[in-house]
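Notes follow the structure.
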Amino acid sequence: MQITADEDWLIDDSKTLEQAALIDPWNVLIVDDEPDIHQVTRLALGSVQFLGRPLNLLSCYSGHEAVEFLASRDDVALILLDVVMESEEAGLRTARLVREQLGNHRVRIILRTGQPGAAPEREVIESYDINDYKAKTELTRDKLYTAVLGTLRSYRDIMLIEQQRQMLEANRRGLLKVVDASSTIFRLQSMQQFAQGVLEQLQALLFFEQEALYVVVNGAVSAVERDQGMTVLYATGGYADLRGKPLAEADLSRFGPAIDLAIRQGSSVFGHDHFVGFFHSPHGAANLLIIDGPVALSNADRELVELFCRNVAIAFDNLIQHEETDLTQRDIIHRLAEVVETHGQAPGQHNRRVTLLAGLLAEELGWKAHEIAQLQAAVPLYDIGKAAIADAVLRKPATLDEAERHIMETHAALGRDLMGKAGNRTLQLAARIAHQHHERWDGTGYPQGLAGEAIDPAARIVALLDVYDALGHARVHRPPWPREDVLEALRLGRASQFDPAVVDAFFKVLPRVEAIAAQWPDAAYLH
């Protein structure tokens, strides 16, 4: 390897190096059977930083040793891999084992060889999953620096995509829990019936017939102001007249210290002649069960009561939010969609417009009301797969090259994968739309090449509206199209790119389409 005299990019400040050593480094593995190559590589790269992080240079002296090392490490960012070591194809074999046997597709691989003729570059690049191929004689210090940092940047992008996928998966699981929770609430006709049912079940559970009150805590209430912040939702026996009234109207002074303690410590209190059960749901709703009379419970029974109280709190919270569930879910979906829009190249109100217009076209096409409602709940997530696409591709202010276009096209399958396993029908529909909204009526779309009626009807609607709205608004790589050019593109796409029935419905309601679009402009909507 040749070393040039240009050292402008080296870090000479010893204090900077000491600080860099405390930062999580980029692990770079040198695999070569010549010790001199290791020494020269360390000399060339030992002081290099990328994005403020130093390089941690590791060494293996054969392909076999490298495979064993990588089998126990998944934090290596880059391998500088010699071709000819214990055999003429040791490096090539190592590269294949890393990808296929170890399943490591994140680590970047730069092949280096002192004998270029032994492994022709074109054949190697075509046959092996590597990221660069260099002859050792051409690797000056500057060229090695350029190759290494460029490859580390690629590794960084891959890891960011992986992190975004994990975050989206975590968000998806959380969203599924919210959706699934709406199907498990107690199906009672009123809050008083709910409270009555709770008291009856608790009394049956504990085998007592003492008088009881179910108290709703209105917001965050301190012990000092408890009487003003609590309402008796339901009561039995001699307390029945307090139903629906403030707790302050009840003469419950002997329960006061226990109520204060329950609120202060956020847990149930067992007194010698009474019980104050404190229920606090994950969403913040708090309630009290006040039992007037001795409650003699074993430790096991107390644990059972606490479990019951926690479950009741969750059920109460679900019941309170039942009428808000649909609105809340839609708001969550829209906000998640806005995150994707902000991340991607379609900022503004693109997603909202497509959602509203999808309902309009579905209505024109004769869809039923509940089908339209489900469609509009699912549409905001149709481009969620773009959240896993690197910014370098998604926000590129120029036409994408072939490789970048391939990466971009994966967002359809990524969107399907993020939501496809959901049990909720709305998310299943969203997964189909995400997966199929780039299919074409004539079968030349992606990712499956579906044609005609094989494409989900919802995806056919979104396919047209996505194009319509995108062309009419500015993107990072182009200005908006004129209105007539946009409409002409849709006409030309009839029966080739778009479902003819969807195109016809669109033009039948075009004035209403443009009125809705005008209500939600990015900056200025072209007409």
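Only a predicted model underlies this, so the values are computations on that prediction, with no experimental measurement involved.
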Which heavy atom of [X] sits nearest to which heavy atom of [Y], and what is that distance?
| X | Y | answer |
| --- | --- | --- |
| V76 | Y155 | O-CE1, 4.0 Å |
| I433 | A378 | CD1-CB, 4.3 Å |
| V84 | D82 | O-OD2, 2.8 Å |
| L29 | A66 | CD2-CB, 4.5 Å |
| L45 | V148 | CD1-CG2, 3.9 Å |
| W481 | A489 | CZ3-CB, 4.1 Å |

Heavy-atom distance under 4.5 Å between the side chains of [X] and [Y], does that happen here?
| X | Y | answer |
| --- | --- | --- |
| H64 | E86 | yes |
| L487 | L510 | yes |
| H411 | I384 | no |
| L464 | V503 | yes |
| D442 | Q497 | no |
| L102 | L97 | no |
| R99 | I109 | yes |
| V502 | L361 | yes |

query = If you measure from the Lys or Arg side-chain nitrogens to the Asp or Glu carboxylate oxygens, is any gap between E88 and R93 under 4.0 Å?
reply = no
query = Does the distance from a Lys or Arg side-chain N to an Asp or Glu carboxylate O, for R432 and D456, drop under 4.0 Å?
reply =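 Yes, charged N to carboxylate O under 4.0 Å.
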ask   = Passes side-chain contact (heavy atoms from CB on, under 4.5 Å), L80 versus V28? Steps please.
value = CA-CA 7 Å; L80 298 172; V28 177; 4.1 Å; yes
Salt bridge (charged side-chain N to carboxylate O under 4.0 Å, His left out): pairs with one or both residues in [range], sequence neighbours excluded:
| range | value |
| --- | --- |
| residues 100-110 | R96-E100 |
| residues 400-411 | K396-E404 |
| residues 61-79 | R73-D75 |

Any chance you could measure [X], atom [atom1], to [Y], atom [atom2], to the nearest 0.5 Å?
| X | Y | atom1 | atom2 | result |
| --- | --- | --- | --- | --- |
| L429 | L375 | CG | CG | 6.5 Å |
| T426 | Q376 | OG1 | CD | 12.0 Å |
| L144 | K134 | CG | NZ | 9.5 Å |
| L152 | R53 | CG | CZ | 9.0 Å |
| T94 | L81 | OG1 | CG | 5.5 Å |
| L356 | Q519 | CG | CD | 8.0 Å |

task = Only counting residues at least two apart or in another chain, list the ones meeting side chain to side chain donor-acceptor pair (under 3.5 Å) with N56.
result = N27
remark   = Taken in chain and number order and not counting sequence neighbours, the residues that satisfy side chain to side chain donor-acceptor pair (under 3.5 Å) with R494 are D504
request  = Give a yes or no on whether the backbone of V107 and the side-chain of N104 come within a donor-acceptor separation of less than 3.5 Å.
outcome  = yes
ask   = Could you walk me through whether R153 and I158 pass the side-chain contact (heavy atoms from CB on, under 4.5 Å) check?
value = CA-CA 9 Å; R153 183 172 286 108; I158 289 173; over 6 Å; no
[X]: which residues meet the ring-ring contact (aromatic ring centres under 6.0 Å, His included) condition with it, sequence neighbours left out?
| X | result |
| --- | --- |
| W26 | F50 |
| Y61 | H38 |
| F506 | Y468 |

Quick one: list whatever passes salt bridge (Lys or Arg N to Asp or Glu O under 4.0 Å) with [X], sequence neighbours left out.
| X | answer |
| --- | --- |
| E364 | none |
| R42 | none |
| R156 | none |

request  = Under the side-chain contact (heavy atoms from CB on, under 4.5 Å) rule, what do V379 and H437 come out as? Steps first, then yes or no, please.
outcome  = CA-CA 10 Å; V379 166; H437 72 281; over 6 Å; no
request  = Would you sort out whether F507 and R491 count as a side-chain contact (heavy atoms from CB on, under 4.5 Å), showing the intermediate values?
outcome  = CA-CA 9 Å; F507 280 101; R491 293 187 185 96; 3.5 Å; yes
ask   = Under 3.5 Å, is there a donor-acceptor pair linking the side chains of Q428 and R425?
value = no
Side-chain atoms of residues 445-454: list all donor-acceptor pairs with protein atoms under 3.5 Å, sequence neighbours left out, distances to 0.1 Å.
residue : atom : partner : partner atom : Å
Q448    : OE1  : H435    : ND1          : 3.4
E453    : OE1  : R460    : NH2          : 3.2

